[in-house]
A.B. asks: 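Starting off with a structure, shown below.
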Number of protein chains: 2
Amino acid sequence: MRATGAATPGSPLDPTASVPATVAVGGAAIPEATVARLPVYLRALTALADAGTTTCSSEELAAAAGVNSAKLRKDLSYLGSYGTRGVGYDVEYLRYQIAREIGVTQDWPVVIVGIGNLGHALANYSGFRSRGFRIVALLDAAAGRRGEEVAGLPIRSFDELESVVAEHRVAIGVVATPAAAAQEVCDRLVAAGVTSILNFAPTVLAVPEGVDVRKVDLSIELQILAFHEQRKAQAEGGAARAADAAEVIA
Amino acid sequence: MRATGAATPGSPLDPTASVPATVAVGGAAIPEATVARLPVYLRALTALADAGTTTCSSEELAAAAGVNSAKLRKDLSYLGSYGTRGVGYDVEYLRYQIAREIGVTQDWPVVIVGIGNLGHALANYSGFRSRGFRIVALLDAAAGRRGEEVAGLPIRSFDELESVVAEHRVAIGVVATPAAAAQEVCDRLVAAGVTSILNFAPTVLAVPEGVDVRKVDLSIELQILAFHEQRKAQAEGGAARAADAAEVIA
DNA sequence: ACCGGTTTGTTCTCACGTTCACAAACTCCT
DNA sequence: AGGAGTTTGTGAACGTGAGAACAAACCGGT
């Protein structure tokens, strides 16, 4: 099993995952941590372009993306030399280069499996379509919701998975089922030819070599916040009442 | 601004973020990467307990959590010596210890701001309550939805934010608004006393020192998958057609 | 009581990621 | 044309995380 790490991380890096470190094939090797930040830069550039900015420095862009400017420059240097010394970056040009590198200049067909509350929200999320992703089918096991329209698409039977994937050449699947069903759904997605999976179910998915899995886990994120929150509270009531020093960097 | 990093990752590490590396105060320092994995272990242990398992080895638990066993043991060693050599870990005991370390043995009141499709799904997500988080209020700016009940809670005016936070001593806020409103909502949450924010809006939030922000960004996750998918496709059609070697570790 | 088998906790090494600092290169002004 | 100022791209140092390997410790049987 391989999983795209991020510390992400990362998420932040992806907490669980054996990280392949760098990704290379035709082009140069791009560190996984950099890959995870490229979409952030892309979004920041789009915002700048919408605001009418035509040129920006690494300092400005870094501020908009919430990262260190040196890190930004190093990240961009993996893609090539798209800036001009003494001037900065052309917003539109850099935006296109990053979009091309990520692959969002083309159209990615996506299937969503599991149309509960979350699947419903995902189907309606406008951020997908505007960023190169096109939802081609909504699948659900429950016969009750069959045929119901969500975001302009009918909910279809899970049995149609194979035909949908084949017809639209779907490479990316989204799993939004309950945890109990996730592994089985995942297996069938992989068997049908899907090679990238975005998993919202609170489970660790096992997949064969060559298939990428990324996990989005809402309660884990909250638990990480709770951990830090507890530490803050301990520091507050702790022996020294050390003002604002909720954390000590060791 | 400080943000809980996570190589992540996870995003995996959180892609954007200056990482504080380790967290310490009263107890020992715990690496940020370890903190991000603790909830995963907790979930795996709960699954084992539900299956009737009373004892497990680091190998078994690591498999259930999808990590290397050496990494698991090292992670657990930061919390203390809760295992028995030659035997393994007592599932229930370890589960409690991790839960206590994370802070989910206590109850965390949470407010959700922005009750659109996503906020709706979050309000209905059962995984929160079962893991020590209690949603105390749903807030939305739109007057139209005022009073409507979602998951047993009425949608209240955003103006009630301050009183709700004060009354329930809320430390954690969830932002599920459109991107344009996110920063303003964030500012008011912080001003009201919230010190941890889970952000679903596709924006970088600026917060003062001492406030933690974690970001969950759906389209970024898809873009990372698209990047790898594109690389796979390039490898496929590339010069050597190098079988399954979609990635070359440099 | 002792010995073999098992599993944890920890040390050590290596690779990755971040940041600093600076040379190269470009623009603008004189 | 030349120089001052600015900004990129990159080399090097540092800190963190991952994984292998091993010693310490525990159990059970004889």
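Letters go in sequence order (proteins before strands), and every chain restarts at 1.
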A.B. asks: May I ask you to decide whether Glu32(A) forms a salt bridge with Arg37(A), counting only side-chain N to carboxylate O separations under 4.0 Å?
C.D. replies: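 No, no charged N to carboxylate O under 4.0 Å.
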A.B. asks: Using a 3.5 Å distance criterion without hydrogens, assess whether the side chain of Thr34(A) forms a donor-acceptor pair with backbone atoms of Ile30(A).
C.D. replies: no
A.B. asks: Using side-chain heavy atoms (C-beta onward) and a distance below 4.5 Å, is Phe133(A) in contact with Arg129(A)?
C.D. replies: no
A.B. asks: When Ile98(B) is tested against each of Leu38(B), Asp75(B), Val104(B) for side chain to side chain contact (heavy atoms under 4.5 Å, CB included), which residue passes?
C.D. replies: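 Filter result, single survivor: Leu38(B).
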A.B. asks: Are Tyr82(B) and Tyr93(B), when compared by the centres of their aromatic rings, separated by less than 6.0 Å?
C.D. replies: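 Under 6.0 Å, so yes.
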A.B. asks: Choosing from dG17(D), dG9(D), dG19(D), which nucleotide comes nearest the side chain of Ser81(A)?
C.D. replies: dG9(D)
A.B. asks: Return the polar atom pairs (N/O with N/O) between nucleotides 12-14 of chain C and the protein under 3.5 Å, or none.
C.D. replies:
from	atom 1	to	atom 2	distance (Å)
dC12(C)	N4	Lys74(B)	NZ	3.3

A.B. asks: With no hydrogens and no angle check, is any side-chain donor or acceptor of Arg100(B) less than 3.5 Å from a backbone partner on Tyr96(B)?
C.D. replies: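 No: the side chain of Arg100(B) does not pair with the backbone of Tyr96(B).
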A.B. asks: Taking the side chain from Asn199(B) and the backbone from Thr203(B), do they hold a donor-acceptor pair closer than 3.5 Å?
C.D. replies: yes
A.B. asks: Figure out the CD1/C1' separation between Ile30(B) and dT16(D), and round it to whole Å.
C.D. replies: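 Rounding to the nearest Å, CD1 of Ile30(B) and C1' of dT16(D) are 16 Å apart.
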A.B. asks: When rounded to the nearest 0.5 angstrom, what is the spacing between OG in Ser196(A) and NZ in Lys232(B)?
C.D. replies: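 Going from OG on Ser196(A) over to NZ on Lys232(B), the span is 3.5 Å.
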A.B. asks: Starting from C1' on dT10(D), measure out to CG on Leu76(A) and report it in whole angstrom.
C.D. replies: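 The distance from CG of Leu76(A) to C1' of dT10(D) comes to 13 Å, rounded to the nearest Å.
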A.B. asks: In the structure I gave you, are the side-chain heavy atoms of Val170(A) and Trp108(A) within less than 4.5 Å of one another anywhere?
C.D. replies: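 With C-beta onward as the side chain, the pair stays apart.
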A.B. asks: Can a side chain N or O of Arg37(A) be found less than 4.0 Å away from OP1 or OP2 on dT18(C)?
C.D. replies: yes
A.B. asks: Could you give the NZ-to-P distance, from Lys71(A) to dC16(C), as a whole number of Å?
C.D. replies: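 Taking atom P of dC16(C) as the reference, NZ of Lys71(A) is at 17 Å.
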A.B. asks: Is there a residue in residues 84-99 of chain A whose heavy atoms reach under 4.0 Å of DNA chain D, and which residues are they?
C.D. replies: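 Thr84(A), Arg85(A), Gly86(A), Val87(A), Gly88(A), Tyr89(A), in order of number.
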A.B. asks: What is the nucleic acid contact for Tyr78(A), judged by heavy atoms within less than 4.0 Å: base, sugar-phosphate only, or nothing?
C.D. replies: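 No contact.
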A.B. asks: Report the nucleotide, chosen from dT19(C), dG9(C), dT10(D), that has the shortest atom-to-atom distance to any side-chain atom of Ser77(B).
C.D. replies: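 Output: dG9(C).
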A.B. asks: Heavy-atom count check: over 12 atoms from other residues, nucleotides or ligands less than 6.0 Å from Glu184(B) CD?
C.D. replies: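 No, not enclosed.
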A.B. asks: Counting only non-hydrogen atoms, which of residues 42-60 of chain B are less than 4.0 Å from DNA chain C?
C.D. replies: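 Those residues whose heavy atoms fall under 4.0 Å from DNA chain C, taken from residues 42-60 of chain B in numerical order, are Ser57(B), Ser58(B).
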A.B. asks: Mind calculating the distance between OH (Tyr82(A)) and P (dT10(D)) to the nearest angstrom?
C.D. replies: 12 Å
A.B. asks: Roughly how many Å is it from CG in Asp75(B) to P in dT8(C), rounded to a whole number?
C.D. replies: 14 Å
A.B. asks: Over how many whole Å does the gap from Asn68(A) atom CG to dT19(C) atom P extend?
C.D. replies: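 That distance rounds to 5 Å.
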A.B. asks: Can you check the Leu72(B) CG to dT8(C) P distance for me, whole Å?
C.D. replies: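 In whole Å, dT8(C) P lies 8 Å from Leu72(B) CG.
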A.B. asks: When you compare the side chain of Arg43(B) with that of Ile220(A), does any pair of heavy atoms fall below 4.5 Å?
C.D. replies: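 Yes. Closest side-chain heavy atoms under 4.5 Å.
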A.B. asks: Could you state the CG-P distance from Leu79(A) to dT10(D), rounded to the nearest angstrom?
C.D. replies: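 That distance rounds to 11 Å.
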A.B. asks: So Leu218(B) and Gln223(B), do their side chains get closer than 4.5 Å, heavy atoms only?
C.D. replies: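 No, side chains not in contact.
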